[in-house]
Amino acid sequence: MNAGSSYPLISAIDSPADLRKLSSAELEQVAAELRQYLIDTVCQMGGHFAAGLGTVELTVALHYVFDTPHDRLVWDVGHQAYPHKVLTGRRKQLKTIKHKGGLAPFPTRRESPYDTFGVGHSSTSISAALGMAIAAARSGERRRVVAVIGDGAMSAGMAFEALNHAGSLDVDMLVVLNDNDMSISENVGAFSNYFARVLSGKLYATLREGSKRVLRRMPTVWELARRSEEHMKGMVLPGTIFEELGFNYIGPIDGHDIGALVATLKNLRDLKGPQFLHVITRKGKGYAPAEADPIKWHGPGPFDPKSGVIFKEKATGPSYSQVFGQWVCDMADLDEHIVAITPAMREGSGLVEYSRRFPDRYFDVAIAEQHAVTLAAGMACDGLKPVVAIYSTFLQRAYDQLIHDVALQNLPVTFAIDRAGLVGGDGATHQGSYDLSYLRCIPNLIVMAPADENECRQMLFTAVRSGVPAAVRYPRGQGPGVAIQQKMEALPIGKAQLRREGRSGLAIIAVGPMVNTCEQIAAKLDATLVNLRFVKPLDEELLLRLASTHRAIVTVEENAVAGGAGSAIGEMLATNHYALPLLHLGIPDRFIEHGSRDDCLAAAGLDETSIEAAIARWWRVPARVAAS
């Protein structure tokens with residue numbers, strides 16, 4: 001059976017214009033085929049899954065009602081955008097998503113005119129859509145702008161900042177809240193859908209605005225009517241807060257009732273001003289295992305669609321996230337003042353076991369990185385020892401709080417920074433390329449990078465015991481397989497580790513996982529190899545000795561070359577009047593796109609072959625100069 005016969009309707013859809021040629025009666029079949037296509041395709045290569053299954057009907061309805069790409073459709077984060085990619089001409093390429101040279105994991109402007117805004121981090125859609133709505137109003141374009149945001153992303157302050165601003169402006173835009181955190185109960189059935197269609201209809205809008213104009217001339221009656229309307233909607237609808245922010249709230253509506261969605265969206269399309277549609281969906285809809293456990297099925301690898309078994313690669317040892325998870329449990333056993341904070345990344349950061357064993361000392365603050373850091377600062381003020389478990393790419397969002405609320409006050413907050421360096425399939429929006437650069441310039445902050453699993457455990461212990469702000473940054477995935485010492489011992493602050501003494505006159509200073517990568521290279525070149533360990537403070541004594549006894553130095557780090565550990569070493573040597581040749585290897589001054597982690601390392605020139613070749617090419621020159 002060929003693909004066309006398996007999916008007769010979506011196989012003929014190469015753009016939303018093709019979708020809009022269909023009758024509304026055919027949309028349910030389109031949704032059914034699209035959902036099955038997602039299951040049949042993602043099972044082969046893995047990827048974001050449950051969120052997309054939950055937005056199938058909503059995606060079909062949006063592209064059916066709105067004239068995309070002329071009308072702007074802005075997705076938040078983009079986990080749920082696989083159905084959007086299928087309907088916008090990328091159906092055949094979906095199996096390449098997240099792979100090198102394939103579709104991007106999230107909507108991105110360079111990939112399609114239907115991807116109106118590049119996303120990956122949460123809670124940006126309303127701000128971006130508002131900007132587009134303002135631009136349309138200023139240019140006189142008759143264009144609708146729609147932001148689709150999930151209930152999780154609505155937990156971030158940025159979303160409410162945008163809502164507050166949008167509600168004060170006379171611009172035409174629609175915010176669709178995709179709420180998948182609750183099951184569809186009776187009040188989201190036929191009556192609620194009917195109520196939503198009535199509230200979004202032209203007759204209701206005309207009567208509502210007309211009556212307000214009349215009643216405003218009679219202040220006492222007007223106030224009574226206003227309060228009555230708010231009271232009625234507040235009793236039946238959860239949208240009072242959005243009304244107060246200046247939006248016309250509609251819903252909640254069943255996000256899997258495609259007829260109700262189309263009818264309501266058609267009404268909203270023609271309304272003026274800021275509109276807010278609350279849609280209830282079920283994450284993983286249509287695939288029983290994903291409905292039962294949407295967290296597990298958020299981003300699975302390849303799986304058997306019949307049995308629901310996810311095929312996992314054999315792990316050679318614990319991941320760094322698991323090392324952290326075991327360490328924080330062990331620390332909590334030893335010290336009742338330890339508390340753990342995460343901005344909605346319990347599973348990814350390795351905090352599942354901790355959250356079960358120490359529920360009173362575990363704080364998931366939702367997608368609110370700024371709040372997470374300042375919350376930790378407040379806890380540290382009064383005797384607690386907070387550990388903030390956060391991805392490198394997400395800590396960027398709390399930079400002001402890191403400086404102003406933690407470092408400036410020299411508060412003992414430990415940052416366990418996961419996914420530092422190149423992460424692979426999630427691509428440019430999630431690469432942890434910059435943390436060494438943006439951390440090392442902050443006063444009072446200790447910055448560490450472990451070369452292996454055991455060193456990670458000991459560094460985390462060192463951070464807590466330091467009594468000052470401290471960060472430990474470690475990569476995604478497994479380490480080199482070093483045995484983990486259960487006993488925890490604090491490392492001497494600011495001391496590097498000499499791994500190998502060479503005789504060639506070349507010294508290689510490696511950071512974190514690059515230490516293991518450079519071991520064979522150092523042996524081949526008979527070079528000295530140093531595990532830097534501390535990016536701040538630097539081991540100046542050892543580094544100055546190396547500068548005195550070697551002809552050249554190479555630094556290697558899985559961080560941006562600009563402003564990274566190599567830059568710190570170069571600055572220190574220059575300050576001490578050392579002018580020997582330096583080669584800094586790291587992530588180049590460009591964004592590294594998606595692929596496997598190995599693909600990303602190769603693209604950055606940080607795989608072993610590329611590093612060895614780069615050093616060999618460069619080392620010939622200073623070696624010849626020194627010989628002459």
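Worth knowing before you read on, the calculation uses all heavy atoms, side chains too, and leaves out hydrogens, waters and symmetry mates.
Side-chain contact between Tyr362 and Val339: absent, with no pair of heavy atoms (C-beta onward) separated by less than 4.5 Å. Taking 4.5 Å as the limit, every side-chain heavy atom of Val468 sits out of range of all side-chain heavy atoms of Asn444. Between Ile442 and Leu402 the shortest side-chain heavy-atom distance falls below 4.5 Å. Residues Cys518 and Leu529 meet the side-chain proximity criterion, which asks for heavy atoms closer than 4.5 Å. A heavy-atom distance below 4.5 Å is found between the side chains of His48 and Tyr82. Looking only at side-chain heavy atoms (C-beta outward), Val74 and Val148 stay at 4.5 Å or farther from each other. Within the 4.5 Å cutoff, the side chain of Val556 has heavy atoms near those of the Val554 side chain. Two residues are said to be in side-chain contact when any heavy atoms from C-beta on lie closer than 4.5 Å; Met448 and Ile446 meet this criterion.
Evaluated for a side-chain contact (heavy atoms from CB on, under 4.5 Å) with Ser321, the options Glu347, Met345, Arg419, Gln478 yield exactly one hit, Arg419.
Scanning both residues, Leu411 and Ala377, for their nearest heavy atoms gives CD1-O, 3.5 Å. When all heavy atoms of Leu436 and Val535 are compared, the pair lying nearest together is CD2-CG2, 3.9 Å. Minimum interatomic distance between Pro300 and His298 (heavy atoms only, all atoms of both residues): CD-C, 3.7 Å. Of all the heavy atoms in Ala159 and Ile149, the pair that sits closest is CB-CD1, 3.9 Å. Closest approach of Leu445 and Ala471 over heavy atoms only: CD1-N, 4.3 Å. When all heavy atoms are compared, the tightest approach of Val388 to Ala372 is CG2-O, 4.4 Å.
Atoms OH and NE2, from Tyr399 and His404 in turn, are 14.0 Å apart once rounded to the nearest 0.5 Å. In this structure, the separation between OH on Tyr249 and CG on Leu177 is 7.5 Å, given to the nearest 0.5 Å. Here Ile553 contributes atom CD1 and Leu573 contributes atom CG; the two are 5.5 Å apart, rounded to the nearest 0.5 Å. Rounding to the nearest 0.5 angstrom, the gap separating the CD atom in Gln401 from the CD atom in Glu369 is 10.0 Å. Distance check: Gln396 CD to Asp435 CG gives 8.0 Å after rounding to the nearest 0.5 Å. Atoms CZ and CD1, from Phe276 and Ile241 in turn, are 9.0 Å apart once rounded to the nearest 0.5 Å.
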* Mind running ring pair (Phe, Tyr, Trp, His ring centres under 6.0 Å) on Tyr287 and Trp297 for me, showing each step along the way? => CA-CA 10 Å; Tyr287 187 65; Trp297 289 88; 5.4 Å; yes
* **Stepwise salt bridge (charged side-chain N to carboxylate O under 4.0 Å, His left out) test for Asp333 and Arg357** => CA-CA 10 Å; Asp333 279 331; Arg357 288 181 54 189; 2.6 Å; yes
* Asked: Can Glu540 and Met572 be said to form a side chain to side chain contact (heavy atoms under 4.5 Å, CB included), step by step?
  -> CA-CA 8 Å; Glu540 294 193 11; Met572 187 275 294; 3.7 Å; yes
* Verdict with reasoning, Phe106 to His79, per ring pair (Phe, Tyr, Trp, His ring centres under 6.0 Å) -> CA-CA 7 Å; Phe106 305 104; His79 295 137; 5.6 Å; yes
* Go through the steps for Gln80 and Leu53 under the test side chain to side chain contact (heavy atoms under 4.5 Å, CB included), then give the verdict. => CA-CA 8 Å; Gln80 75 279 50; Leu53 290 179; over 6 Å; no
* To do: Output, in order, the C-alpha distance, side-chain angles, deciding distance and verdict of side chain to side chain donor-acceptor pair (under 3.5 Å) for Ser437 and Asn559.
  => CA-CA 8 Å; Ser437 301; Asn559 184 83; 3.0 Å; yes
* Would you check, one step at a time, whether the test side chain to side chain contact (heavy atoms under 4.5 Å, CB included) holds for Gln370 with Asp400? => CA-CA 8 Å; Gln370 293 172 295; Asp400 178 64; 5.8 Å; no
* side chain to side chain contact (heavy atoms under 4.5 Å, CB included) evaluation trace for Leu163 with Ile126 -> CA-CA 7 Å; Leu163 285 172; Ile126 303 174; 3.9 Å; yes
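Within 6.0 Å of CZ on Phe311 lie more than 12 heavy atoms contributed by other residues, nucleotides or ligands. For CD of Glu353, the number of neighbouring non-hydrogen atoms (other residues, nucleotides, ligands) closer than 6.0 Å is greater than 12. Within 6.0 Å of the CD atom in Gln409, the count of heavy atoms belonging to other residues, nucleotides or ligands exceeds 12.
Ser349 contributes no side-chain N or O that, together with a main-chain N or O of Arg346, makes up a donor-acceptor pair within less than 3.5 Å. A side-chain donor-acceptor contact under 3.5 Å links Arg440 to the backbone of Gly564. Of the possible donor and acceptor atoms, none in the side chain of Asp179 sits under 3.5 Å from a partner among the backbone N and O of Ile280. Between the side chain of Gln326 and the backbone N or O of Val323 there is no donor-acceptor pair closer than 3.5 Å. Using a distance-only test at 3.5 Å, with no hydrogens or angles considered, no donor-acceptor pair links the side chain of Arg457 to the main chain of Met488. One N or O on the side chain of Asp539 and one on the backbone of Ala496 form a donor-acceptor pair closer than 3.5 Å. Without hydrogens or angle criteria, Lys283 side chain to Asn180 main chain gives no donor-acceptor distance under 3.5 Å. With hydrogens and angles disregarded, a donor-acceptor distance shorter than 3.5 Å links the side chain of Thr462 to the backbone of Leu491. Between the side chain of Gln497 and the backbone N or O of Leu532, no donor-acceptor pair lies under 3.5 Å. Remark: the backbone N or O of Val119 is not paired with any side-chain donor or acceptor of Thr108 at under 3.5 angstrom.
By the 30° and 60° cut-offs, the orientation of the rings of Phe49 relative to Phe303 is tilted. In this pair, Tyr320 and Tyr474 present their aromatic rings parallel. The plane angle is below 30°, not in the 30 to 60° band. Using cut-offs of 30° and 60° for the angle between ring planes, the Phe358 and Tyr354 rings count as tilted.
In this structure, a donor-acceptor pair under 3.5 Å is absent between the side chains of Ser392 and Asp418. Glu455 and Asn531 form a side-chain donor-acceptor contact under 3.5 Å, judged by distance and modelled atom types alone. Residues Asp426 and His594 have side chains that never bring a donor and an acceptor to within less than 3.5 angstrom of each other. In the model, His430 has no side-chain atom that pairs as donor or acceptor with a side-chain atom of Thr393 under 3.5 Å. Judged purely by distance below 3.5 Å, without hydrogens or angles, the side chains of His121 and Thr429 never pair a donor atom with an acceptor atom. Residues Thr374 and Asp405 have side chains that bring a donor and an acceptor to within less than 3.5 angstrom of each other.
Using a cutoff of 4.0 Å between basic side-chain nitrogens and carboxylate oxygens, Lys285 and Glu291 are not scored as salt-bridged.
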